[in-house]
**Q** 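I am attaching a structure below and will ask some questions about it afterwards.
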Amino acid sequence: MNDTMGNLLSITGDDNAAIKKYIESILKPDPESDGNKVIDFAKIIPVKDESDETECLEKWGTIRGASNTQVYFEGKGNPPTLGNLIYFDSHDTVEKIAQAISEAQPDFSVRYEYCDNSATVAGYKVFYCGNEAEGEEYERQSQDAITLYRELWGDGGFVYDEEQKKYIEAE
């Protein structure tokens, strides 16, 4: 697997103001940018030392925190989003983070989608009250994986090979 995972958390519920307030509470200034914010895993699942890869992997499911975070609140953007969206990169999948959000906020539905930068690891999970309600792991470089890849990483990267009847990495 590659070392970069694209992630999308979609958080919905009846009280949009409460969701927005919660999302703002789990963000912190991004030390690698001017004024941008990044999702702070330690505010969701505390760790003693964020530089301790073993502890982070055990608690978060990844060895370090998020990067490249973008937040879109419901009704914002073009076209307007239908939920509250948090896009971010991580070293690995972070379903423990999504599950912890849904456990801490039982009135929220948390949909977690992930795809690595080669569409070999991709899928989604939906959590309610800390429990997984549904989910699917997509086959490597399948139509579903490529569709999610394009949502998280952009349109490039893969082309459909008519002879092989499958997607292949673009050169």
Side-chain angles (χ1 to χ4, degrees), residues 1-119 121-127 130 146-158:
M1 177 176 57
N2 290 302
D3 65 356
T4 305
M5 186 69 60
N7 303 278
L8 169 60
L9 291 174
S10 178
I11 303 174
T12 57
D14 291 335
D15 188 347
N16 198 46
I19 295 170
K20 184 177 180 181
K21 183 177 178 179
Y22 177 75
I23 290 172
E24 289 172 342
S25 78
I26 61 171
L27 299 175
K28 68 177 181 180
D30 185 349
E32 297 178 10
S33 73
D34 288 336
N36 292 334
K37 294 191 175 188
V38 66
I39 186 170
D40 186 353
F41 294 164
K43 289 183 178 179
I44 301 164
I45 301 175
V47 293
K48 292 179 184 168
D49 181 2
E50 289 185 52
S51 64
D52 181 343
E53 291 183 355
T54 302
E55 180 185 20
C56 292
L57 183 62
E58 179 184 311
K59 293 198 174 176
W60 300 340
T62 187
I63 60 173
R64 59 182 159 266
S67 62
N68 300 321
T69 300
Q70 297 175 33
V71 178
Y72 299 92
F73 292 111
E74 184 173 21
K76 303 293 183 197
N78 186 19
T81 64
L82 299 176
N84 299 284
L85 308 177
I86 307 170
Y87 290 92
F88 60 95
D89 295 340
S90 63
H91 185 267
D92 206 342
T93 60
V94 291
E95 68 182 69
K96 289 180 179 183
I97 296 296
Q99 186 172 19
I101 291 170
S102 91
E103 189 173 343
Q105 301 295 324
D107 293 335
F108 300 172
S109 167
V110 180
R111 180 180 175 96
Y112 171 55
E113 297 175 81
Y114 55 92
C115 184
D116 71 358
N117 57 359
S118 63
V121 176
Y124 78 94
K125 295 189 181 218
V126 178
F127 295 96
I146 299 300
T147 299
L148 183 54
Y149 173 92
R150 289 182 171 153
E151 180 179 352
L152 298 175
W153 294 100
D155 286 335
F158 293 90

**Q** Within the structure provided, determine whether Phe108 and Phe127 are in side-chain contact (heavy-atom separation under 4.5 Å).
**A**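 Counting from C-beta outward, Phe108 and Phe127 never come under 4.5 Å.
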
**Q** Keeping the roles fixed (side chain from Lys59, backbone from Lys96), state whether a donor-acceptor pair exists under 3.5 Å.
**A**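 Not at all, since once roles are kept as given, no pair shorter than 3.5 Å links the two residues.
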
**Q** I'd like to know if the side chain of Thr62 and the backbone of Asp92 have a donor-acceptor N/O pair within less than 3.5 Å.
**A**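 Yes; at least one donor-acceptor contact below 3.5 Å.
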
**Q** Would you name the heavy atoms of Ile45 and Trp60 that are closest together and state the gap between them?
**A**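 Shortest heavy-atom contact: O-NE1, 2.8 Å.
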
**Q** CD1/Ile97 to CD1/Ile39 distance, rounded to the nearest 0.5 angstrom?
**A**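 The CD1 atom of Ile97 sits 7.0 Å away from the CD1 atom of Ile39.
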
**Q** Starting at CD1 of Ile101, measure out to CD1 of Ile19 and round the result to the nearest 0.5 Å.
**A**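 If we round to the nearest 0.5 Å, Ile101:CD1 and Ile19:CD1 are 11.5 Å apart.
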
**Q** When you measure from the side chain of Trp153 to the backbone of Cys115, do you find a donor-acceptor pair of N or O atoms at a distance under 3.5 Å?
**A**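 At least one qualifying donor-acceptor pair exists.
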
**Q** State, to 0.1 Å, how close Val121 and Met5 come at their nearest heavy-atom pair, and which atoms those are.
**A**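 Scanning both residues completely, I find the closest heavy atoms to be CG1-CE, 4.0 Å.
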
**Q** Evaluate the side-chain proximity of Phe88 to Val94: yes if any heavy-atom separation is below 4.5 Å, no if none is.
**A**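 They are in side-chain contact.
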
**Q** Determine whether more than 12 heavy atoms belonging to other residues, nucleotides or ligands lie under 6.0 Å from atom CD of Glu58.
**A**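 12 or below, so no.
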
**Q** Over all heavy atoms of both residues, which pair between Val38 and Ala66 is shortest? Give the atoms and the distance, please.
**A**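 What the structure gives for the nearest pair is CG2-O, 3.2 Å.
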
**Q** Assess whether side-chain contact (heavy atoms from CB on, under 4.5 Å) is satisfied between Asp107 and Asp14, documenting all intermediate values.
**A** CA-CA 8 Å; Asp107 293 335; Asp14 291 335; over 6 Å; no

**Q** Where the side chain of Glu55 meets the backbone of Asp49, is there a donor-acceptor pair that is under 3.5 Å apart?
**A**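 Such a contact is found between Glu55 side chain and Asp49 backbone.
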
**Q** Can you measure from OH (Tyr124) to CD (Glu95) and round to the nearest 0.5 angstrom?
**A**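 Going from OH on Tyr124 over to CD on Glu95, the span is 13.5 Å.
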
**Q** What are the two closest heavy atoms between Lys43 and Ile26, and how far apart are they?
**A**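 Here Lys43 and Ile26 meet closest at CD-CA, 4.0 Å.
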
**Q** Check whether any side-chain heavy atom of Asp40 lies under 4.5 Å from a side-chain heavy atom of Glu50, and answer yes or no.
**A**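 The answer is yes, as the side chains (C-beta and beyond) meet within the 4.5 Å cut-off.
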
**Q** Are any of the side-chain heavy atoms of Asp52 and Val47 separated by less than 4.5 Å?
**A**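 Heavy-atom side-chain distance check fails, nothing below 4.5 Å.
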
**Q** To the nearest 0.5 Å, tell me how far Lys125 NZ sits from Ser102 OG.
**A**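 Here the interatomic distance stands at 12.0 Å.
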
**Q** Would you find a donor on one side and an acceptor on the other, under 3.5 Å apart, between the side chain of Asn84 and the backbone of Ile11?
**A**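 Such a contact is found between Asn84 side chain and Ile11 backbone.
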
**Q** Could you tell me the separation between the CZ atom of Arg64 and the CZ atom of Phe41, rounded to the nearest 0.5 Å?
**A**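 Rounded to the nearest 0.5 Å, the CZ-CZ separation comes out at 11.0 Å.
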
**Q** Let me confirm one number: the CG-NZ distance from Asp15 to Lys20, rounded to the nearest 0.5 Å.
**A**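 Rounded to the nearest 0.5 Å, the CG-NZ separation comes out at 12.5 Å.
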
**Q** Nearest heavy-atom pair of Ala98 and Tyr112: which atoms, and what distance?
**A**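 Shortest heavy-atom contact: CB-CB, 3.6 Å.
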
**Q** Kindly write out the residues that satisfy side-chain contact (heavy atoms from CB on, under 4.5 Å) with Asn68, not counting sequence neighbours, or none if the list is empty.
**A**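 For Asn68 the side-chain contact (heavy atoms from CB on, under 4.5 Å) partners, ignoring immediate neighbours, are Asp89.
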
**Q** Are the side chain of Lys37 and the backbone N or O of Thr69 linked by a donor-acceptor pair below 3.5 Å?
**A**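 Absent.
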
